[in-house]
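For reference, the structure is listed below as structure tokens.
Heavy atoms only: backbone and side chains are in, while hydrogens, waters and symmetry mates are out. None of these values were measured; they are calculated from a predicted model. So that the names make sense, note that chain A is the first sequence line, chain B the second, and so on, each numbered from 1.
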Amino acid sequence: MKGKLAEKATKAAIAVATAMAASIVMFIFFFLFCFSAPLISSWHLGQFLAKSWNPDARIFGIYPMIVGTFYIAGLATIIGAILGVSLAMFIEFVSGSMLARFLAWLVEFMAGIPTVVYGFSALFLLVPLIRESFGDGSGLCILAASMVLALVILPTVTMITLDRLKAVPGNLVMAVKSLGASSLEVLFYVHLPYAWKGIVSAVILGAGRAVGDTMIALMLAGNAVQVPSSILDSARTLTSHIALVTAADYESMSFKVIFVCGLLLFVFSAWNILFLKILGKIKR
Amino acid sequence: MNRLILRILRIFLWFSAITVPVAVMVLVIFIVFKGLPAISLRLIFGDTNPLDALMLKQQVFEGIFPAMVGTFLVVILSVTWAIPLGILSGIYLAEFSGSHLKKFLDFSFDLLASVPSIVIGLFGLTVAIFLHKYLSRQIYPCLLISSISLAVLIVPYIVRTTQLSLDGVSYSTKLAGYSLGASKIQNLFRVVLPSAIHGILGGVILAVGRAAEDTAVIMLTGVVATAGIPGSVFEKFEALPFYIYYISSQYSDKSELLDGFGAAIILLIICGLLFCVAHLLKNVVVKKVYGF
Amino acid sequence: MASEKNTNTDSSGKVVIEGLNVFYRRKCVLEDINLVAQEKNITCIIGPSGCGKSTLLMAINRLLDEIPHARISGEIKVRLEQNGFCNVLKMDDSELPQLRRQIGMVFQHPNILPMSILNNVAFPLKIMGLKGEKAMQKIARALRMVYLWDEVKDRLNSSAIELSGGQKQRLCLARVLVMEPEILLLDEPTSFLDQRLGEKIETLLEHLKKEVTLIVVSHYRDQVKRLADKIYRLG
């Protein structure tokens with residue numbers, strides 16, 4: 001009888017813990033929504049899309065940050081996706097086992113390197129390099145941030161892609177090869193049709209990490225509030241904006257606006273996850 | 001034609017296989033090269049006697065000792081909150097949930113995992129403001145708030161690794177327990193969990209690494225540049241990653257910058273060690289005998 | 001399903017199965033099974049591989065409950081000393097551990113637990129809260145019954161994973177015997193044993209028949225002929 005009671009208590013503890021953990025994300029959404037809802041309803045949408053941020057003049061446009069996020073994360077995703085997917089293909093197809101094992105190990109190790117260390121190193125190595133190569137400016141720019149951010153998201157892309165490539169059945173490869181297909185044809189007719197969904201989700205998850213990362217853009221992109229016109233311009237992301245504004249007063253308008261930034265980032269994450277779920281449902 | 005494409009593709013794959021390791025190596029070696037001269041007891045303890053500092057007899061002002069202690073404390077606290085929540089949720093997902101509920105739970109943990117860390121920091125800050133307004137004027141962003149926010153950040157990692165490790169226990173092992181008259185809970189604690197413990201532990205250690213390196217969450221929830229060693233969980237604290245960021249933006253002279261490089265090496269070593277332990281645990285073949 | 005050899009057909013059996021259907025997702029794995037196993041008899045079930053013999057055994061101690069997407073309908077009545085004659089499928093989930101102790105099962109593939117040899121056999125006793133000298137006596141007795149004691153008595157604390165297939169199979173049998181069940185469900189109990197040991201285990205089963213009702217799945221014709229009081233053919 002005592003055992004049964006203990007069992008019921010354990011089950012209840014498990015259920016309660018799960019309910020708590022699963023409701024965290026709803027709490028986050030709730031808080032973000034509550035703080036930004038009054039602004040969204042009372043404000044004209046155009047005010048968010050104003051091209052400058054000037055609290056003294058009561059202009060709180062976050063359009064430059066949206067564009068900055070789009071450029072930095074977009075470029076990082078493109079570089080990270082190309083390098084990441086081809087690194088996974090290299091590990092699977094080209095290299096001998098020793099090199100493949102080293103690269104697989106390195107990619108896992110990269111996932112463990114603190115982003116702030118990446119940022120610190122690049123700030124004193126890559127940024128001066130860019131400054132000297134391109135002459136004008138401080139070197140703090142979209143290009144610097146994107147290049148390093150690409151390295152940050154690369155492990156995500158490579159590990160998932162590699163996982164999907166490895167899941168391609170070996171006998172299928174053998175069957176196609178025995179019909180006289182070249183290795184390129186095997187890649188295009190066996191691996192890509194089999195693994196494309198996995199590769200797409202790897203890139204989407206990588207893009208999600210690129211948009212969500214704070215430190216790299218904060219340290220390397222210069223944080224100027226402007227709509228950038230080239231990749232050598234300084235820019236500010238939504239995440240850096242949140243990090244930079246909070247130093248101010250809690251009651252101020254600028255502080256309230258960063259909840260809109262937070263809500264935008266949250267909605268983007270939710271959309272990403274929904275997209276991945278839908279992608280998972282598609283039959284090949 | 002075909003062979004040309006193949007050749008181009010091959011060259012491209014080699015290109016990325018060389019570029020990526022070289023880029024990572026250059027960035028890491030640069031840190032090590034620059035920071036190595038700074039590595040000394042002085043970097044950590046400044047002018048204070050190390051023994052006095054360790055015994056907390058004397059505050060360290062010049063060195064990064066308070067930042068190391070701060071990181072240690074905030075990580076330990078956050079893992080303390082996250083482990084019970086994460087492991088129990090993982091157990092629920094793997095062993096108890098029906099398929100409809102499971103879909104919903106899967107979605108909420110996937111979503112939580114993808115929420116940017118700065119947004120989680122913002123959430124922690126809001127909670128602190130909320131508590132300050134409605135519970136006690138004494139509550140500000142502090143060690144406690146930071147550790148809770150970091151726990152939110154790492155819970156999904158622990159949930160997922162727990163769930164995957166439990167799913168990985170073979171059906172024949174699970175059925176063996178049931179066929180010998182074990183109840184669901186007995187089977188869970190005596191058969192399934194011991195078989196999955198390596199995977200779960202590996203996940204927890206990866207989560208520790210994630211908590212130790214994250215900067216965005218703590219910078220909104222209570223970390224500051226100089227605070228010394230916090231006397232309680234309601235005080236502000238210092239942390240290594242924030243110290244590195246702070247130096248990068250605010251350094252005034254060469255020697256401060258050098259300290260930043262040194263701190264970066266130390267953070268790199270801590271995260272590298274955690275990574276290696278997690279890696280080893282993952283690869284341990286379950287040959288060990290579990291007595292209970 | 002046809003019964004080939006009948007000794008006793010009255011319906012006062014130890015295990016009576018009527019109109020049993022088992023579905024896995026939408027696929028029907030077992031359809032309209034009827035079976036009577038007399039008390040203290042050996043009932044053998046034969047049939048081609050994949051016809052659901054193992055599934056039938058797992059239905060009797062409701063182990064199928066633990067397999068996702070499996071559904072059972074029909075009646076499985078079991079006459080147990082404590083509960084009397086009752087329908088297993090109507091039992092509450094909380095009664096299942098007790099039921100499975102009374103209806104022991106040995107799987108076709110020896111599924112030892114990832115623990116020491118001793119702890120494998122001690123497991124069902126620990127679950128019941130039985131420890132110490134009394135438990136040790138039962139364990140030693142069970143290991144002797146399956147002729148494993150001499151082989152493992154010096155390394156009881158080493159991992160059971162290192163045992164050979166035949167040793168594992170006998171360990172699983174010993175692990176069930178310590179529970180002293182009323183009914184034993186055996187799935188190919190000698191498949192990993194050489195002929196000499198196989199015959200020894202057969203003798204053990206003959207001996208167990210005095211106390212226990214056995215239901216045995218086997219594909220060895222000779223074994224079935226030697227052991228069975230009644231034979232059911234499946235599929």
- Query: Which region of V155(B), side chain (C-beta onward) or backbone (N, CA, C, O), has a non-hydrogen atom less than 4.5 Å from a non-hydrogen atom of chain A, or is it both or neither?
  - Reply: side chain
- Any L125(B) side-chain heavy atom under 4.5 Å of P141(B) side chain: yes
- Query: Checking S248(B) against chain A: side chain, backbone, both or neither under 4.5 Å from a heavy atom?
  - Reply: both
- Task: Would you sort out whether Y118(A) and M110(A) count as a side chain to side chain contact (heavy atoms under 4.5 Å, CB included), showing the intermediate values?
- Result: CA-CA 10 Å; Y118(A) 270 128; M110(A) 282 170 71; 3.8 Å; yes
- Interchain contact, T239(A) with chain B, by part (heavy-atom threshold 4.5 Å): both
- Examine whether an atom of L238(A) lies under 4.5 Å from a heavy atom of chain B, and if so say whether it belongs to the side chain, the backbone or both; otherwise answer neither. neither
- Item | Side chain, backbone, both or neither of L99(A) within contact of chain B (heavy atoms, under 4.5 Å) | side chain
- Using a cut-off of under 4.5 Å on heavy-atom pairs, state which of F268(A), F124(A), W105(A) scores highest against chain B. F124(A)
- For L125(A), is it the side chain, the backbone, both, or neither that has a heavy atom closer than 4.5 Å to a heavy atom of chain B? both
- L105(B) versus chain A, heavy atoms under 4.5 Å apart: side chain, backbone, both or neither? side chain
- Can you tell which of A15(A), S86(A), G119(A), G212(A) has the highest number of heavy-atom pairs within less than 4.5 Å of chain B? S86(A)
- Query: Given a strict heavy-atom distance threshold of 4.5 Å, which part of V26(B) is in contact with chain A: side chain, backbone, both, or neither?
  - Reply: both
- Query: Side chain, backbone, both or neither: which part of L276(A) has a heavy atom under 4.5 Å from chain B?
  - Reply: neither
- Message: Is any side-chain heavy atom of I273(A) closer than 4.5 Å to one of F107(B)?
- Response: yes
- When the 4.5 angstrom heavy-atom criterion is applied to F31(A) and chain B, the contacting part is side chain
- S240(A) and T237(A) side chains, donor-acceptor separation under 3.5 Å: yes
- Message: At a 4.5 Å cut-off on heavy atoms, which part of M26(A) comes close to chain B: side chain, backbone, both, or neither?
- Response: side chain
- Query: Under a 4.5 Å heavy-atom cut-off, does chain B meet the side chain of F27(A), its backbone, both or neither?
  - Reply: both
- Query: So do L264(A) and V211(A) actually touch side chain to side chain, heavy atoms under 4.5 Å?
  - Reply: no
- Message: Is the terminal nitrogen or CZ of K184(B) (NZ for Lys, CZ for Arg) located under 6.0 angstrom from the six-membered ring centre of F96(B) and within 45° of that ring's axis?
- Response: yes
- Query: Non-hydrogen atoms of chain A under 4.5 Å away: do they reach the side chain of K103(B), the backbone, both or neither?
  - Reply: neither
- Tell me, out of S249(B), G272(B), G260(B), who's got the most heavy-atom pairs with chain A below 4.5 Å. G260(B)
- Contact check, side chains of F261(B) and F120(A), non-hydrogen atoms, under 4.5 Å: yes
- Task: Sort I28(A) into side chain, backbone, both or neither according to what part of it lies under 4.5 angstrom from a heavy atom of chain B.
- Result: both
- Message: Need one label for I244(B): side chain, backbone, both or neither, based on atoms under 4.5 Å from any heavy atom in chain A.
- Response: both
- Query: Is chain B contacted by the side chain of L263(A), its backbone, both, or neither, given a heavy-atom distance below 4.5 Å?
  - Reply: neither
- Task: Tell me, for Y92(B) versus chain A, whether the close heavy atoms (under 4.5 Å) come from the side chain, the backbone, both or neither.
- Result: both
- Turns out that what part of L188(B) lies under 4.5 Å from chain A's heavy atoms comes down to side chain
- What part of F259(A) gets closer than 4.5 Å to chain B, counting heavy atoms only: side chain, backbone, both or neither? both
- chain B heavy atoms under 4.5 Å from L87(A): which part of the residue, side chain, backbone, both or neither? both
- Checking heavy atoms, do the side chain of Y245(B), its backbone, both or neither come under 4.5 Å from chain A? both
- Given a strict heavy-atom distance threshold of 4.5 Å, which part of E95(B) is in contact with chain A: side chain, backbone, both, or neither? neither
- Message: I'd like to know which of S117(B), S183(B), G209(B) tops the heavy-atom pair count under 4.5 Å against chain A.
- Response: S183(B)
- Note on the structure: Applying a strict 4.5 Å limit to non-hydrogen atoms, the region of M89(A) in contact with chain B is both
- Query: Under a 4.5 Å heavy-atom cut-off, does chain B meet the side chain of L123(A), its backbone, both or neither?
  - Reply: side chain
